[in-house]
Amino acid sequence: MAPAIFSRKIAAPMRRVEDACRSVAERYGYGEIRTPILELTPVFSRSLGDATDVVQKEMYTFEDRGGESVTMRPENTASVARAVLSNGLLNEMPLKLHYAGPMFRYERPQKGRYRQFHQIGAELYGVAEPTGDIEVIAMGADVLAELGLLDQTRLELNTLGDLQSRTQYRDALVAFLQECREGLSEDSKDRLERNPMRVLDSKDAGDQALVADAPSIFDHLTDDARAFFDAVQEGLTTLGVAYTLNPRIVRGLDYYCHTAFEFITENLGAQGTVIGGGRYDGLMEQMGGPALPGVGWAGGIERLAMLAAGSVDVRRPIALVPLGEEAEKRALVMAHDLRRQGHVIELGYRGNLKRRMQRANKVNASHAVIMGDDEMARGIVTLARPR
Ligand code: ATP
Ligand code: MG
């Protein structure tokens with residue numbers, strides 16, 4: 001489902017993305033959480049919102065042997081919330097968590113969009129203050145900086161306000177969209193009925209042109225929502241985290257409020273969002289738990305890995321090139337010793353000098369250690385540079 005995941009080209013940068021997230025998360029005091037891939041379907045259908053693309057079209061849902069409907073997690077925020085509830089972590093506030101792992105969405109596969117893909121992410125529970133938003137955004141920026149990708153991305157920031165702001169805005173937006181309904185794509189006509197703010201997030205070029213003139217949420221914020229958003233912006237400015245405002249960032253899932261943000265790159269073509277996140281204060285309650293604020297983000301590991309691929313250092317091996325039976329025995333022991341000492345050793349399984357040197361080239365060895373009869377007799381080796 002995910003292409004080329006086994007090749008060195010993508011697997012090494014993917015690991016680097018995960019390592020960068022772990023290392024930054026550790027510095028912020030976030031602990032790792034591992035959630036199961038299968039959850040009962042309501043974990044997602046109730047929390048993400050019935051009208052979202054993910055729930056409507058993208059979930060891998062099936063009945064298990066017990067006749068229960070289960071879903072392979074399409075994202076991890078709802079899974080983490082479920083885990084917090086069912087593992088008695090509610091008394092551990094504030095709760096700071098990060099994760100990495102596979103997610104599953106039935107989408108049209110294309111560059112940067114797969115049916116099994118992987119995400120890193122961070123979730124902060126129990127912090128209602130703008131400090132929480134500032135911290136998680138700064139942490140996302142630090143992960144990008146750790147990967148050397150900060151200058152290839154820009155941070156776009158929006159607010160979805162509080163419930164009152166959103167209700168006011170929704171009315172203004174629906175009025176506007178009704179006026180130009182005929183020009184909208186079929187998908188967006190549908191969104192207009194079910195979840196009008198999602199029209200702002202449409203990937204359709206015609207829709208995008210139309211919504212360019214849509215009313216802005218910034219004109220419909222309550223005083224409280226505006227003060228909250230001002231505080232987030234002030235904090236980011238103080239930290240030197242650069243951003244631009246984009247009133248059309250809405251996030252795909254229903255549980256978001258206040259801050260919404262994306263880190264976007266121009267260097268990956270159409271699928272340019274590498275990290276997306278925001279505040280989801282209503283989620284826990286929607287899932288049957290107490291009212292508990294939350295804020296966090298998820299990043300696409302494949303997309304980040306494609307960007308970081310050029311700068312990943314792969315340790316070059318040393319190739320042992322034994323010639324003859326005696327040398328092969330010696331080389332086996334030597335390879336074992338050197339690997340135990342931490343060296344990266346390539347030992348071919350068979351072949352003459354030419355074949356083994358070709359192999360040393362192929363694995364990009366820094367040195368080839370040639371061990372022939374002559375060398376064996378004199379207790380030496382010959383060092384060669386393959387390239
Ligand atoms: P998009 O607008 O690209 O569909 P989304 O809003 O569905 O993204 P989120 O649910 O916010 O994405 O997921 C966070 C990040 O995970 C995205 O910004 C992206 O980097 C990555 N991502 C999401 N879906 C996929 C996918 N199918 N394949 C690869 N990466 C993905
Ligand atoms: Mg999507």
Side-chain angles (χ1 to χ4, degrees), residues 1-7 10-11 14-15 17-18 21-22 31-92 95 97-110 112-123 125 187 190-191 194-195 198 251-256 276-277 280 282-290 292 294 296-303 305:
M1 299 212 300
I5 216 162
F6 306 106
S7 84
I10 189 71
M14 283 177 71
R15 194 179 61 199
V17 172
E18 290 169 13
C21 182
R22 268 196 196 105
E32 181 162 359
I33 182 163
R34 298 190 186 216
T35 61
I37 283 167
L38 276 185
E39 297 275 359
L40 295 176
T41 300
V43 168
F44 305 109
S45 58
R46 278 213 208 113
S47 61
L48 273 54
D50 287 344
T52 56
D53 285 354
V54 171
V55 169
Q56 286 229 311
K57 304 189 277 209
E58 297 176 359
M59 294 204 309
Y60 280 92
T61 297
F62 56 93
E63 250 183 40
D64 69 9
R65 285 168 189 272
E68 214 142 22
S69 177
V70 292
T71 295
M72 293 165 80
R73 61 180 188 196
E75 58 100 44
N76 210 15
T77 298
S79 301
V80 171
R82 199 274 311 147
V84 168
L85 280 174
S86 49
N87 291 289
L89 297 174
L90 289 171
N91 299 324
E92 310 278 323
L95 187 60
L97 301 167
H98 75 95
Y99 62 81
M103 310 293 157
F104 304 84
R105 295 185 193 176
Y106 189 79
E107 314 204 59
R108 194 165 65 79
Q110 53 198 287
R113 196 181 288 293
Y114 315 109
R115 290 179 171 180
Q116 174 174 343
F117 63 102
H118 298 75
Q119 285 183 336
I120 48 170
E123 315 283 0
Y125 275 103
D187 267 352
D190 189 46
R191 289 183 190 116
R194 297 163 174 276
N195 190 353
R198 286 284 287 147
R251 313 294 311 126
L253 313 173
D254 267 2
Y255 47 59
Y256 287 97
Y280 45 85
L283 173 64
M284 203 51 106
E285 220 173 352
Q286 211 168 313
M287 296 187 71
L292 188 68
W297 52 259
I301 296 183
E302 284 84 357
R303 294 185 196 177

Inset, instruction - Consider only side-chain N and O atoms of Glu123 and Tyr280, and report whether a donor and an acceptor are under 3.5 Å apart. - result: yes
Inset, instruction - Taking all non-hydrogen atoms of both residues into account, name the closest pair between Ala83 and Thr35 and its distance. - result: CB-CG2, 4.3 Å
Legend entry - side chain to side chain contact (heavy atoms under 4.5 Å, CB included) between Val84 and Leu97, intermediate numbers included: CA-CA 10 Å; Val84 168; Leu97 301 167; 4.2 Å; yes
Inset, instruction - Could you pull out all residues at least two apart from Thr61 that satisfy side chain to side chain contact (heavy atoms under 4.5 Å, CB included)? - result: Thr41, Met59, Ser69, Thr71
Inset, instruction - Could you tell me whether the side chain of Leu89 reaches within less than 4.5 Å of the side chain of Tyr125, counting heavy atoms only? - result: no
Inset, instruction - Grab the two heavy atoms, one from Ile37 and one from Pro102, that are nearest each other, plus how far apart they are. - result: CD1-CG, 3.8 Å
Inset, instruction - Please name all residues satisfying ring pair (Phe, Tyr, Trp, His ring centres under 6.0 Å) with Phe62, sequence neighbours left out, ordered by chain then number. - result: none
Inset, instruction - Under the side chain to side chain contact (heavy atoms under 4.5 Å, CB included) rule, collect the residues that match up with Asp64, sequence neighbours excluded. - result: Glu68, Val70
Inset, instruction - Write down the atom of Met287, the atom of Ala78, and the distance for their closest heavy-atom approach. - result: CE-O, 3.6 Å
Inset, instruction - Please report the closest heavy-atom contact between Leu283 and Ser47, naming both atoms and the distance. - result: CD1-CB, 3.4 Å
Legend entry - Straight-line distance of Ile301 CD1 to Arg303 CZ, nearest 0.5 Å: 12.5 Å
Inset, instruction - Give, for atom OG1 of Thr77 and atom OH of Tyr256, the distance between the pair rounded to the nearest 0.5 Å. - result: 4.5 Å
Legend entry - Residue list, side chain to side chain contact (heavy atoms under 4.5 Å, CB included) with Arg15, at least two apart or on another chain: Asp19
Inset, instruction - Quick one: list whatever passes ring pair (Phe, Tyr, Trp, His ring centres under 6.0 Å) with Phe44, sequence neighbours left out. - result: none
Legend entry - Euclidean distance, Met103 CE relative to Gln116 CD, rounded to 0.5 Å: 10.0 Å
Legend entry - Minimum heavy-atom distance between Pro42 and Ser45, given as atom pair plus value: CA-OG, 3.1 Å
Inset, instruction - Output, in order, the C-alpha distance, side-chain angles, deciding distance and verdict of side chain to side chain contact (heavy atoms under 4.5 Å, CB included) for Leu38 and Met72. - result: CA-CA 5 Å; Leu38 276 185; Met72 293 165 80; 3.7 Å; yes
Legend entry - Side-chain heavy atoms of Asp187 within contact of Lys57, under 4.5 Å: yes
Legend entry - Heavy-atom side-chain proximity of Pro290 to Leu85 below 4.5 angstrom: yes
Legend entry - Backbone N/O of Glu107 and side chain of Arg115: donor-acceptor pair under 3.5 Å: yes
Legend entry - Closest non-hydrogen atom pair, Phe117 against Tyr114: CD2-O, 3.6 Å
Legend entry - Separation between NE2 of His118 and CD of Glu302, rounded to the nearest 0.5 Å: 6.0 Å
Inset, instruction - Rounded to the nearest 0.5 Å, what's the gap from CD on Glu75 to CZ on Arg73? Could you check? - result: 10.0 Å
Legend entry - Main-chain N/O of Ile120 paired with Glu18 side-chain donor or acceptor, under 3.5 Å: no
Legend entry - Cation over ring face, Arg34 and Tyr99, 6.0 Å, 45°: no
Legend entry - Gap between atom CZ of Arg22 and atom CD of Glu32 - 0.5 Å precision: 4.5 Å
Inset, instruction - Would you mind listing every salt bridge (charged side-chain N to carboxylate O under 4.0 Å, His left out) that reaches into residues 76-90, with sequence neighbours excluded? - result: Glu39-Arg82
